[in-house]
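Right, one structure below, let's go through it.
Here is the naming used below: chain letters follow the sequence lines, and residue numbers restart at 1 for every chain.
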There are 2 protein chains.
Amino acid sequence: MNAHTLLAARFAEWQQAEFDSNLCPVRDVLDQIGDKWTVLILLSLVGQPRRFSAIQRAVPDVSKRMLTQTLRNLERNGMIVREVYPTKPPSVEYTLAPLAEDLLEPLAGLLRWAEANHARIHAARRQFDTAAAA
Amino acid sequence: MNAHTLLAARFAEWQQAEFDSNLCPVRDVLDQIGDKWTVLILLSLVGQPRRFSAIQRAVPDVSKRMLTQTLRNLERNGMIVREVYPTKPPSVEYTLAPLAEDLLEPLAGLLRWAEANHARIHAARRQFDTAAAA
DNA sequence: CGGAATCCCATCCGATACTG
DNA sequence: CAGTATCGGATGGGATTCCG
């Protein structure tokens, strides 16, 4: 069963029986990974746990506020584990949970597609924009 | 090369040489598919072109405003083709472009993961929330 | 039918300041 | 060090109205 057939079939199923797009797994996962920092933070934790400030250095643009918020949300969803070491000053280490490890595989597929095709996308954009200018 | 190694390596590369997260392909694609309607609309077009109002029926909650906006954006990115038939009243048909067809494969992987694991996510959330209540 | 225009609210997110 | 609290601008997105 190829991807087309599968997706078309699943979509048809979701539509049936009072389709609630907020409950749909598609949106459930896309809402999570679609935000500004989640994926970059997850990637920074691949293969190595990191402390709060180490993540902030690895993902240069993220503010403390958004880093805290995104980490909390990831922890809530069972994607990362937060461990506090009661040293002085305190240090906190974040580790990918098995759930997130499982996510890496399909995520890698998506990112491969992104790298392979973002040139095509930008070309399409330029063409569309110059056509629209007329 | 497994997904972990690949992702860690790519992430390390992106970090080097004035990493601009807005330019990074990761964000480029996630910004696109992470919004509220894009993926659902793409799925509604798998295997069959549809007209504007047919898409709206297929994706029940979308407003005309957001449908128009999302379709424009998809067209701009070369993901769909818009064809106008000058009938009266006019009819407009939308078709998946090859770029979007290519995207279906990695997207299907992600959605499979979502369906397989959203129960685990909800369980983690319940546990986190009850723990936080104390 | 397939939009475009306008209004408006909700939230996202960054900047800044403060804290145990 | 690893946060929390607060503010305010930008953006997302729904509802409604109008149009060729």
Side-chain angles (χ1 to χ4, degrees), chain A residues 19-22 24 26-28 30-41 44-45 49-77 80-95 128 131-133, chain B residues 19-22 24 26-28 30-41 44-45 49-77 80-95 128 132:
Chain A
F19 173 76
D20 179 357
S21 60
N22 290 21
C24 161
V26 186
R27 288 275 293 279
D28 209 5
L30 288 178
D31 282 358
Q32 167 79 205
I33 72 168
D35 76 8
K36 201 169 178 182
W37 301 112
T38 295
V39 171
L40 290 175
I41 290 172
S44 79
L45 295 176
R50 286 193 207 242
R51 294 173 49 180
F52 187 89
S53 41
I55 302 176
Q56 198 168 18
R57 280 189 299 276
V59 184
D61 291 343
V62 70
S63 66
K64 272 201 294 198
R65 172 168 152 55
M66 288 316 294
L67 182 53
T68 302
Q69 186 174 306
T70 307
L71 287 170
R72 282 289 176 281
N73 201 36
L74 282 169
E75 188 194 1
R76 183 169 110 95
N77 289 293
I80 61 176
V81 175
R82 174 174 181 270
E83 187 145 17
V84 184
Y85 298 97
T87 55
K88 254 203 262 205
S91 77
V92 180
E93 198 171 69
Y94 294 91
T95 310
F128 183 92
Chain B
F19 173 76
D20 179 358
S21 59
N22 290 22
C24 161
V26 186
R27 290 273 293 278
D28 209 4
L30 288 179
D31 282 357
Q32 168 77 207
I33 72 168
D35 76 7
K36 200 169 179 184
W37 302 111
T38 294
V39 170
L40 290 176
I41 289 172
S44 79
L45 294 177
R50 285 193 208 241
R51 294 174 49 180
F52 187 90
S53 40
I55 302 176
Q56 198 168 18
R57 279 190 299 275
V59 184
D61 291 343
V62 71
S63 65
K64 270 202 297 194
R65 172 169 151 51
M66 288 316 295
L67 182 53
T68 302
Q69 183 174 307
T70 307
L71 286 170
R72 280 291 174 280
N73 201 36
L74 282 169
E75 187 194 0
R76 183 170 109 94
N77 288 294
I80 60 176
V81 175
R82 173 175 182 269
E83 188 145 15
V84 184
Y85 297 98
T87 55
K88 251 201 262 202
S91 77
V92 180
E93 197 172 69
Y94 293 91
T95 311
F128 183 93

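In plain terms, the two heavy atoms of Ile33(A) and Val39(A) that are nearest each other are O-CG2, 3.5 Å.
The distance between atom CZ of Arg51(B) and atom C1' of dG3(C), rounded to the nearest whole Å, is 13 Å. We find that CZ of Arg50(B) is positioned 16 Å from P of dC1(C), with the value rounded to whole Å. Nucleotide dT11(D) holds its P atom 13 Å from the CG atom of Asp31(B), rounded to whole Å. Going from atom NZ of Lys88(B) over to atom P of dG2(C) covers 16 Å, rounded to whole Å. Rounded to a whole Å, the CD1 atom of Ile80(A) is 13 Å from the P atom of dA2(D). The distance from atom CD of Glu83(B) to atom P of dG2(C) is 14 Å, rounded to the nearest whole Å. Atom CD in Gln56(A) sits roughly 11 Å away from atom C1' in dC1(D) (whole-Å rounding). The CZ-C1' distance, from Arg72(B) to dA4(C), rounds to 10 Å in whole Å.
Phosphate proximity of dA2(D) to Arg57(A): absent, as no side-chain N or O sits under 4.0 Å from OP1 or OP2. Taking side-chain N and O atoms only, Thr68(B) has no distance below 4.0 Å to OP1 or OP2 of dG2(C).
Remark: the backbone N or O of Ser44(A) is paired with a side-chain donor or acceptor of Arg50(A) at under 3.5 angstrom. Side chain of Arg27(A) to main chain of Lys36(B): a donor-acceptor pair is present (N/O by atom type, distance under 3.5 Å, no hydrogens or angles). With hydrogens and angles ignored, the 3.5 Å screen pairs a side-chain donor or acceptor of Asn77(A) with a backbone N or O of Asn73(A).
Sorted pairs that involve residues 62-72 of chain B and meet salt bridge (charged side-chain N to carboxylate O under 4.0 Å, His left out), not counting sequence neighbours, are lacking altogether.
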What string of B, S and - do you get for nucleotides 13-20 of chain D 5' to 3' if you count protein non-hydrogen atoms under 4.0 Å? BBB----B
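Side-chain contact between Val81(B) and Glu75(B) is absent, with no heavy atoms from C-beta onward closer than 4.5 Å. A 4.5 Å side-chain heavy-atom check between Gln56(B) and Val62(B) finds at least one atom pair inside the cut-off.
Within the 4.0 angstrom heavy-atom criterion, only backbone atoms of the sugar-phosphate kind lie near Tyr94(B); the bases stay farther away.
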